[in-house]
Amino acid sequence: MRRIGILTSGGDCQALNAAMRGVVKTLVHSGEALEIYGFLDGYKGLIYGNFRMLTGADFSGILTVGGTILGTSRTPFKTIREPDENGLDKVEAMKHNYYKLKLDCLVILGGNGTHKTANLLREEGLNVVTLPKTIDNDLWGTDMTFGFQSAVDIATNAIDCIHTTAASHGRVFIVEVMGHKVGWLTLNAGMAGGADIILLPEIPYDLDKVVAAIEERNRRGSRFTIIAVAEGAISKEDAKLSKKEYKEKLKKRTSPSVAYEIAEEIQKKTGREVRVTVPGHVQRGGSPCPYDRVFASRLGSEAGKLILNGEYGFMVGYKNREIVKVPLEEVAGKLKMVSPDAAIVQEAKLLGICFGD
Ligand code: F6P
């Protein structure tokens, strides 16, 4: 009898269900007797012992369903060692429930924060296999995370829709794309949507350069400009501030987000009409795109294989077009960021896209 605990943690994304289905189908297909404990709302379920007993049938019919059938929540790694409001030691509680239920392993689906805690549980002696989810595609150790391509499709569609109205009115349009620390989503959706200017957290912008790019387009006869801005885009001046100073500055921000701040400045400097569109959590919602359905299913089945072989302590990732197992200690605590020197950035620049740098 194999006893598996499974949970999804952190912000949700498309194809979480597809990935879990992949794991469970592989295990069921092996013919081994199986007990599945689905922990509810991420690590919270493991900490407080909230779970549902599941069977293979629970994972049927969910390939195309967005979100997660287990629910999710954020359990910050920063405070994982701090007792909860009732004095409960969260790490000990997770270990206690794992051993109480006599689990053979935990399957954990999540992004960066989730992987730090997963690695901690591994260090504490639990058997863990993880799967890389996030629309941000910023997880170290894998070229691709599931959820990313679906979000690129949605953000691109938003830019496509904005294109026609921007062209009709001759306006500057800013589309704010998700990604506080990392700009993969903005970069890809921006390029796919034909954005003229792309502003990323990794490449601090100079507003004068952004304005110059808008004016140059106008001189060349283009009446409109599309700017794809990541949530975490930062100006060159702000990039010089310490983390603490920048956080303080953000607290005093009067506009709802960076896109509105940039819009206001562009309007002031150019006198042009500027509009902002924020697709927000729409980018994380709905059915996974076909790529993600296949990708998550593949990762899931490889995770199932690892479990059947008793190989633990790995994230199943994707490197150089192959599914690989990556030791959790290599993944935890690192971000995969867009390098300003990356080929894709250089190619975008050759196309005439302005990064404001
Ligand atoms: O980590 C994924 C992500 O969607 C980011 O791109 C975004 O900045 C953040 O989560 C939003 O978090 P929340 O859903 O907690 O508002």
Side-chain angles (χ1 to χ4, degrees), residues 7-17 19 41-44 66-68 70-80 108-118 130-142 144-159 174-190 192 198-203 228-234 243 246-247 250-251 253 255-262 276-289 292 296 315 331-338:
L7 64 89
T8 53
S9 171
D12 75 338
C13 72
Q14 302 88 343
L16 277 164
N17 289 328
D41 298 335
Y43 286 117
K44 265 192 200 161
T68 159
L70 295 180
T72 187
S73 65
R74 295 192 189 274
T75 308
F77 178 73
K78 246 191 344 207
T79 55
I80 199 78
I108 298 175
L109 292 82
N112 274 295
T114 300
H115 273 80
K116 289 190 211 167
T117 301
T130 69
L131 289 164
K133 72 89 225 189
T134 166
I135 62 163
D136 295 336
N137 194 27
D138 59 353
L139 209 48
W140 187 266
T142 184
M144 185 66 73
T145 57
F146 58 82
F148 175 67
Q149 291 294 344
S150 303
V152 169
D153 283 2
I154 297 170
T156 301
N157 184 250
I159 298 173
I174 301 182
V175 181
E176 185 178 281
V177 179
M178 272 189 162
H180 273 296
K181 293 185 181 151
V182 171
W184 290 112
L185 183 53
T186 311
L187 176 60
N188 282 268
I198 297 178
L199 304 181
L200 308 178
E202 296 92 332
I203 307 178
V229 173
E231 284 173 315
I234 185 166
K243 240 184 172 177
Y246 186 53
K247 267 192 178 165
L250 285 186
K251 275 189 206 155
R253 186 184 254 165
S255 44
S257 68
V258 65
Y260 289 91
E261 202 170 82
I262 294 173
V276 175
T277 293
V278 183
H281 287 76
V282 168
Q283 293 163 96
R284 266 183 14 202
S287 186
C289 67
D292 271 337
M315 174 185 83
V331 178
K334 285 183 240 159
L335 272 183
K336 183 184 73 200
M337 306 184 84
V338 177

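Every number for a ligand or one of its atoms is a count from 1 in the order of the listing. These values consider heavy atoms only, across backbone and side chains, with no hydrogens, waters or symmetry-generated copies.
Here the side chains of D136 and T145 are not in contact, with every heavy-atom distance at 4.5 Å or above. For the pair V175/P279, a side-chain contact is recorded, criterion being any heavy-atom separation below 4.5 Å from C-beta on.
Nearest heavy-atom pair across S9 and S73 is OG-O, 3.7 Å.
A donor-acceptor distance shorter than 3.5 angstrom exists from the side chain of T72 to the backbone of T8, with no hydrogens or angles considered.
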Candidate pair K133 and L139, rule side chain to side chain contact (heavy atoms under 4.5 Å, CB included), full reasoning:
CA-CA 8 Å; K133 72 89 225 189; L139 209 48; over 6 Å; no
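Around ligand 1 you find R74, I135, D136, M178, G179, H180, E231, H281, R284, each with a heavy-atom distance below 4.0 Å.
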Under 3.5 Å, sequence neighbours excluded: what are the donor-acceptor pairs made by side chains of residues 177-185?
unit_1	atom_1	unit_2	atom_2	d
W184	NE1	K336	O	2.9

